[in-house]
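Single-structure report; data block below.
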Amino acid sequence: MATVNAPFKRDISAAILHQCIARAEISEWPVHVAAFFTDVSPRLVFGFAALHGISKSELAEAYVVVKTKTGEHNPDLESELVPLAASAR
């Protein structure tokens, strides 16, 4: 993944995206992280997570945070991620 369709003034690096997802903290990057979860194919989302050592439960928690804070969602990810986030709490 080299580019996310995000025409914003700041570019988010893979390292920052990793931090946001791993910590489920998107305060400075809500639109960028939301674009990652909604504009990137699920295969690439899961691939990014695996490549950066992010577990599916951490990914699910970050997704729920994004959905709650931004209202953005991706139905293709929800069937796998939301049950994981609920069981992690």
Side-chain angles (χ1 to χ4, degrees):
M1 180 177 86
T3 304
V4 173
N5 182 18
F8 309 114
K9 291 183 181 188
R10 299 189 302 167
D11 291 334
I12 188 169
S13 68
I16 292 171
L17 181 60
H18 168 251
Q19 272 185 340
C20 290
I21 294 170
R23 295 178 182 166
E25 177 53 57
I26 64 165
S27 61
E28 293 183 45
W29 301 94
V31 179
H32 294 75
V33 180
F36 172 74
F37 280 118
T38 59
D39 293 352
V40 176
S41 76
R43 179 181 62 80
L44 291 176
V45 170
F46 288 117
F48 178 89
L51 184 64
H52 290 87
I54 299 169
S55 70
K56 283 189 177 182
S57 61
E58 289 172 317
L59 189 65
E61 184 178 350
Y63 175 78
V64 169
V65 167
V66 167
K67 182 178 174 181
T68 301
K69 289 187 176 184
T70 68
E72 297 294 324
H73 67 283
N74 182 337
D76 295 331
L77 287 175
E78 291 215 15
S79 61
E80 271 192 73
L81 293 182
V82 173
L84 289 170
S87 67
R89 290 185 180 151

(request) Side-chain contact test, heavy atoms from C-beta onward, threshold under 4.5 Å: evaluate it for His73 versus Tyr63 and give yes or no. (result) yes
(message) Quick check: closest heavy atoms across Cys20 and Val33, and the distance to 0.1 Å?
(response) CB-CG2, 3.8 Å
(request) With the side chain counted from C-beta on, respond yes when Asn74 and Phe36 share a heavy-atom pair under 4.5 Å apart, and no when they do not. (result) no
(message) Applying a strict under-4.5 Å side-chain criterion to I, L, V, M, F, W and Y, I'd like to know whether Phe46 and Leu44 cluster together.
(response) yes
(request) Report the C-alpha separation of Ile21 and Phe48 in whole Å, then their side-chain angles, then the decisive distance to 0.1 Å, and conclude whether the side chain to side chain contact (heavy atoms under 4.5 Å, CB included) test is met. (result) CA-CA 10 Å; Ile21 294 170; Phe48 178 89; 4.1 Å; yes
(request) Starting at CD of Gln19, measure out to OG of Ser13 and round the result to the nearest 0.5 Å. (result) 8.0 Å
(message) Test of understanding: with side chain to side chain donor-acceptor pair (under 3.5 Å), list the residues that count as partners of Ser41, not counting sequence neighbours.
(response) none
(request) Hey, could you give me the CD/CD distance between Glu61 and Glu25, rounded to the nearest 0.5 Å? (result) 11.0 Å
(message) Keeping His52 on the side-chain end and His18 on the backbone end, is there a donor-acceptor pair under 3.5 Å?
(response) no
(message) Between Leu17 and Trp29, is there a side-chain heavy-atom distance shorter than 4.5 Å?
(response) no
(request) Kindly write out the residues that satisfy side chain to side chain donor-acceptor pair (under 3.5 Å) with Glu28, not counting sequence neighbours, or none if the list is empty. (result) none
(request) Kindly compute the distance separating NZ (Lys67) from CG (Leu77), expressed to the nearest 0.5 Å. (result) 11.0 Å
